[in-house]
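In the text below, chain A, chain B and the rest are named by the order of the sequence lines, each starting its count at 1. Quick caveat: nothing in here was measured; it's all calculated off a predicted structure.
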Protein chains: 2
Amino acid sequence: MEERIEIITIGKEILIGRTQDTNSHWLCRRIIALGGFVKRVIIVDDEIKEIVEALNIAFKDKSRVIITTGGLGPTSDDKTLEAVAKFASCKLTINQEALEFVKSRYKYFYEKGYVSYPEITPEREKMAILPEGSKLLSNPVGAAPGVALKHKGCWIFSIPGVPKEMKAIFENSIINMLKDIIGKKFFLEKTIKSGIEDESKLAPLLKILAKEFPAIYIKSHPLHFAHKVDIELSFSSSGDEKEEVKRRIDNSINRFKELIEGKHQNHDGGR
Amino acid sequence: MEERIEIITIGKEILIGRTQDTNSHWLCRRIIALGGFVKRVIIVDDEIKEIVEALNIAFKDKSRVIITTGGLGPTSDDKTLEAVAKFASCKLTINQEALEFVKSRYKYFYEKGYVSYPEITPEREKMAILPEGSKLLSNPVGAAPGVALKHKGCWIFSIPGVPKEMKAIFENSIINMLKDIIGKKFFLEKTIKSGIEDESKLAPLLKILAKEFPAIYIKSHPLHFAHKVDIELSFSSSGDEKEEVKRRIDNSINRFKELIEGKHQNHDGGR
C-alpha cells in the first residue's frame with residue numbers, strides 16, 4: 001500500500017553540530033501532507049563511502065523514492081552526485097542541458113552584480129556533471145540544478161542543502177513527480193488535550209485504541225512531570241478518501257473520550 | 001584513531017514532521033566538544049523491525065558507541081528496549097534497581113502532586129524492564145531511566161526522547177563514560193568571513209587548503225546569490241593537544257588569507 005520514501009541528509013556541518021538539519025523536517029511535513037510517509041532519515045558525512053552506503057541501505061529496503069539533500073555545490077567536498085553515480089553504476093558526464101542552465105544562472109547573477117565574472121570555470125562546470133541518464137531539476141534560486149535519476153524502479157532526487165534552494169526545487173519539480181508515485185492520498189492529524197497529566201495513565205487507553213483503530217496513529221506528547229500538565233494527543237491517519245480519513249479520526253477521538261471518562265471514574269474513586 | 005559514534009533517533013512524530021529532532025543536533029554538538037565525532041544519525045519509526053535494523057546498520061560499521069533517543073516511556077509504542085534486547089539477543093527482565101528507581105520517582109511525583117496515585121502499574125513497571133546485563137542511568141527529570149548495555153565491544157546508550165530528560169541523563173551519566181571511550185581529545189572550530197561572494201570562486205582555494213592541511217575540516221557556508229554576500233568559512237580540527245590543534249587551525253587560516261590575496265589580484269585585474 002505505502003510507498004517507502006527515505007531521506008538522506010548529507011553534510012559534516014550537521015554531524016559536528018554546527019547546523020541543525022531542518023531540511024529533513026520540512027520534507028517530512030511536505031511529504032505527509034501529500035499522503036506519503038518518510039520511513040527513515042539518514043544523516044551522513046560528505047564522504048563518498050558513507051553516501052553510497054546510505055543509498056544502499058535505503059535501496060535495499062525497497063524504497064520507491066530517495067531524496068538526498070546537500071553536496072551539490074561547486075566545492076570539492078560536494079560529492080553527492082559522484083556517490084549517486086557510483087551507487088547506480090553509471091558514468092558521470094557533462095549534461096548539456098545542465099551546463100546551459102548553470103551558464104545562464106551565472107550570467108544572470110553576474111548581470112545582477114552578485115558574482116564578479118560570468119564565465120564557466122571548472123568549479124561551476126562541476127555542477128553540470130550529472131550521473132548518466134539523469135534528469136535536471138531547475139533551481140529557481142541558486143546555481144546548482146537538482147537531479148533526478150531513476151534506478152531500478154527507485155527515484156533518486158538530489159537537491160542542494162541550502163534550504164531556500166531545496167524548498168524551491170521540491171515545490172517546482174519534485175512535488176508533481178511524487179504525487180504520481182504516491183497516488184492521490186489524504187493525510188489528516190488532529191491534536192487534543194487528553195485531560196491526563198501522566199503518560200503511564202494514558203498508556204492502557206492508547207493500547208485499547210490501537211487495537212480498535214489500527215489505521216490511526218496515536219501519539220502522546222509527554223512533557224515533564226509538573227502541576228497542571230495536560231498531555232497532548234495527536235491522532236493521524238491517511239487514506240484515499242478525505243471524508244473516510246476524517247470520519248475515522250473523529251471516531252477514534254470520540255472513543256478516546258468515552259474511555260477517558262471510564263478511566264477517570266476508576267481512579268478518582270468512581271464505581 | 002577515531003571511535004565511531006552513531007545516533008539513532010526513534011519516533012514516528014519526527015517522520016511525520018510533527019516534531020523537529022533537536023536531540024541529535026544537541027548530541028552532535030556535545031560529542032564534538034568532547035573531541036568525538038558522530039559519524040551518522042538514523043531517524044526511524046517506532047517499530048521494532050526498523051529499530052533493530054538501525055542498530056544492525058550502526059553496529060556493522062564498527063561503532064564503539066550507539067546512542068538511541070526516544071521510545072522508553074510507558075506507552076506501548078515505546079519499543080526501544082524491546083528492540084535493543086532483540087538486537088543483542090538478550091532477555092528483557094525486570095531490573096530491580098530500575099524498579100526501585102521508577103517507584104521512587106512516582107512516589108516523589110505523587111508527593112509533589114504531579115500524578116494522581118503513586119502505585120506501580122504495569123505501564124510504570126514497563127520502564128523497569130531492561131535488557132539483561134544492562135546498567136541503569138539515573139533520570140533526574142523524568143520517570144524512565146536511561147539504559148546502558150555493552151554488546152560485543154559496543155556501548156548502546158538508550159535515553160528518553162523528551163529533550164530535558166535526554167540532556168540530563170547525558171550530562172549526568174553518559175558524558176563520563178564517553179570521555180573514557182573517546183579519550184582526552186580537543187576540538188576547535190574557528191569561523192571567518194571569507195571576503196568572497198561566490199562558492200565557485202572559493203572552491204579552488206579550498207582544494208589547495210585541503211591538500212596542505214589534511215587534518216583540518218574546512219566548510220564553506222553558502223548563502224543565496226545576492227549583493228554583498230560574504231561567505232563564511234569554518235575551520236575545525238581535533239586532536240590530543242589543545243595548543244597543537246589551535247596552531248594548526250591558525251596556520252590554515254593564515255594560509256587561506258595568503259591565497260585569497262593572490263586570488264583577488266588575479267580576478268580583480270591584478271598583475
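Only the side chain of K164(B) comes within contact range of chain A, judged by heavy atoms closer than 4.5 Å. Of the two parts of V38(A), the backbone and the side chain both hold a non-hydrogen atom closer than 4.5 Å to a non-hydrogen atom of chain B. In this structure, chain B has a heavy atom under 4.5 Å from the backbone of D21(A), while its side chain stays farther away. Heavy atoms of I7(B) lying under 4.5 Å from chain A are absent altogether. Neither the backbone nor the side chain of Y108(B) has a heavy atom closer than 4.5 Å to any heavy atom of chain A. In this structure, no portion of A54(A) lies under 4.5 Å from any heavy atom of chain B.
For the pair K12(B) and Y217(A), the cation-pi test (distance below 6.0 Å, angle within 45°) is passed.
Tested against R40(A) for a side chain to side chain contact (heavy atoms under 4.5 Å, CB included), the candidates I43(B), L15(B), I42(B) yield a single pass: I42(B).
By the 30° and 60° cut-offs, the orientation of the rings of F109(A) relative to F225(B) is parallel.
For the pair P74(B) and A203(A), the tightest heavy-atom approach, listed with the atom from each and the gap, is O-CB, 3.4 Å. The shortest heavy-atom contact between S220(B) and T75(A) is OG-CG2, 3.9 Å.
Inter-residue side-chain proximity for Q20(B) and T22(A) is flagged as met; some heavy-atom pair is nearer than 4.5 Å. Two residues are said to be in side-chain contact when any heavy atoms from C-beta on lie closer than 4.5 Å; K39(A) and D45(B) meet this criterion.
Around atom CZ of F59(A), more than 12 heavy atoms belonging to other residues, nucleotides or ligands sit under 6.0 Å away.
In summary, the side chains of S236(A) and R18(B) do not present any donor paired with an acceptor at a separation below 3.5 Å, with no hydrogens or angles considered.
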Q) Taking it one step at a time, do I16(B) and K219(A) satisfy side chain to side chain contact (heavy atoms under 4.5 Å, CB included)? A) CA-CA 11 Å; I16(B) 64 171; K219(A) 181 79 195 174; over 6 Å; no

**Study point:** Test log, rule salt bridge (Lys or Arg N to Asp or Glu O under 4.0 Å), inputs E199(B) and R124(A)
**Key:** CA-CA 9 Å; E199(B) 249 197 327; R124(A) 292 176 178 177; over 6 Å; no

